[in-house]
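Below: one structure, written as structure tokens.
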Protein chains: 2
Amino acid sequence: MARYRPGLQTRDRILESTRWLLARAGLDGTTLAAILDRAKVRSGSFYNLFDSKDEVILTVIKEAINAVDPHPDGVGKDTVEELVGAYIEFITGQPTLAKIYLQTAVGGAMNDEALAHRVLSHHQTRVSRLADAIRRKTGTTKAKSQTEAELLLAGLNGLAFHWLLDPSFDFAARARDLASR
Amino acid sequence: MARYRPGLQTRDRILESTRWLLARAGLDGTTLAAILDRAKVRSGSFYNLFDSKDEVILTVIKEAINAVDPHPDGVGKDTVEELVGAYIEFITGQPTLAKIYLQTAVGGAMNDEALAHRVLSHHQTRVSRLADAIRRKTGTTKAKSQTEAELLLAGLNGLAFHWLLDPSFDFAARARDLASR
DNA sequence: CGCTTTTTTGAGTATACGCTCTATTTTGAG
DNA sequence: CTCAAAATAGAGCGTATACTCAAAAAAGCG
């Protein structure tokens, strides 16, 4: 079904609205009425563009998951400092998607098994890349660098939680402190 | 309003039912109908004993949070190890409540103002008690121990986050690793 | 037992939600 | 300009949810 320009623009408004609501009001607060209200769209138009409310939400969540790791191949992101920097950049540069990502990971992705697995696999990929970088840097054992990576990433995630709680918290500075211990 | 024995027993059944549901079905699954069904009570009786569904849920969550405090009575006695142990016990012993706790921290999972405030104040209490314990142990300044406590709790929260993503993750072991640094 | 208070029942209410459907307007390719 | 396809509005449907209320039953004190 080919789309005219107005349809594509409405689609974008709906996605933006959903993104905004997911980050601020969470899953529960992201009702259809709220999405429609913010997007200035009536339900008829919505269902002309999407099959369900869940489809839009899942679209936005996938977007957030992919945004966590903008360099899936790991090209030129091999040092600990670069990996930590990339994480800091994600959290501070895209707070809306970061919040959605963390909410999804904690709250479970709407009982969507595939999505939950996707979050986990992204997380594990980041841990093992961090572990590799640590091993390359310090020359410790595989097991020890794995533990180090887990603790470092946990610390970073915890600091991100703190920052979401308190926007005046200097997340970037604390994250670099943590990485240089 | 003095209660007869049947009323008190019904109250207990409702609390048990809510406890059971919260631990297994989470917040979303703990509907009034589910509570009533399991407690073998009709809505009229329920509202003769409680003002709202939220009141019961709040009661159960408070109960769980208070149950893991090492020294509920006297602040100033607990050690860093005890507090970390209590946190580990809270996360592993009450995974669903831990989830609710983290969801609230990220913001958006709960539109219940009172519950959000309760969980947040619990968090702050934990930070300051941890800071006190650190100061008692190392003799650092108040500001530095506060920072240390915040970092430690951030790390613990991050580890809990990891564990929620991956149940095979050895949360308790990593948490102790983190605390013994 | 008699009498007041408490407890229980369950049909009924109000509201919010996701979603459908039809009529109408707008778009844009030929 | 024409006209089929696309977009829109918005009333309305079905369902689930928390909650109410009046009447009946049970409890317990004297």
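In this text the structure is predicted, and so the values were computed from the model without any measurement. Chain naming here is simple, since letters A, B, ... match the order of the sequence lines and numbering starts at 1 in each.
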Check: Given that B/S45 and B/Y4 both sit by DNA chain D, which one's nearest nucleotide is further toward the 5' end?
Finding: B/S45
Notebook entry, point to check: Can you find a side chain N or O atom of B/Y47 that sits less than 4.0 Å from OP1 or OP2 on D/dC19?
Noted result: yes
Next item on the list: For C/dT8, take OP1 and OP2 only and decide whether either is under 4.0 Å from a side-chain N or O of B/T10.
Entry: yes
Within this structure, what is the [atom1]-to-[atom2] distance between [X] and [N], rounded to whole angstrom?
X	N	atom1	atom2	answer
A/F46	C/dC21	CZ	C1'	17 Å
B/R5	D/dC29	CZ	C1'	13 Å
A/L36	D/dA11	CG	P	14 Å
A/L32	C/dT20	CG	P	11 Å
A/R42	C/dA23	CZ	P	21 Å
A/D37	D/dA9	CG	C1'	15 Å
B/N48	D/dA27	CG	P	15 Å
B/K53	D/dT17	NZ	C1'	8 Å

Could you check if a side-chain atom of [X] sits within less than 4.5 angstrom of a side-chain atom of [Y], using non-hydrogen atoms only?
X	Y	value
B/L97	B/V60	no
A/E148	A/L130	no
B/K137	B/T79	no

Next item on the list: Output the single nucleotide from D/dG28, D/dA5, C/dC19 whose closest atom is nearest the side chain of B/P6.
Entry: D/dG28
Item checked: Nearest-0.5 Å distance, CD1 of residue B/I91 to NZ of residue B/K99 -> 12.5 Å
Check: Which part of the nucleic acid, if any, lies within reach of B/G44 when heavy atoms closer than 4.0 Å are counted: base, sugar-phosphate only, or nothing?
Finding: base
Notebook entry, point to check: For A/T31, which contact category applies under a 4.0 Å heavy-atom criterion: base, sugar-phosphate, or nothing?
Noted result: sugar-phosphate
Check: Would you say the side-chain atoms of A/D54 and A/S52 include a donor-acceptor pair closer than 3.5 Å?
Finding: no
Item checked: Test item: side-chain donor near acceptor, B/N157 and B/Y87, under 3.5 Å -> yes
Check: Does a distance-only test, which skips hydrogens and angles, find a donor-acceptor pair under 3.5 Å between the side chain of A/S43 and the base of C/dT20?
Finding: yes
Notebook entry, point to check: Given the rule in the salt bridge (Lys or Arg N to Asp or Glu O under 4.0 Å) test, do B/E63 and B/R19 qualify, once you have shown the distances and angles that lead to the verdict?
Noted result: CA-CA 10 Å; B/E63 183 186 276; B/R19 222 174 279 133; 2.7 Å; yes
Next item on the list: Give the dot-bracket string for DNA chain C, reading 5' to 3', where a pair is Watson-Crick or G-U wobble with both distances under 3.5 Å, ( ) marks pairs inside the strand, [ ] marks pairs crossing earlier ones, | marks a partner on another strand, and . marks unpaired.
Entry: ||||||||||||||||||||||||||||||
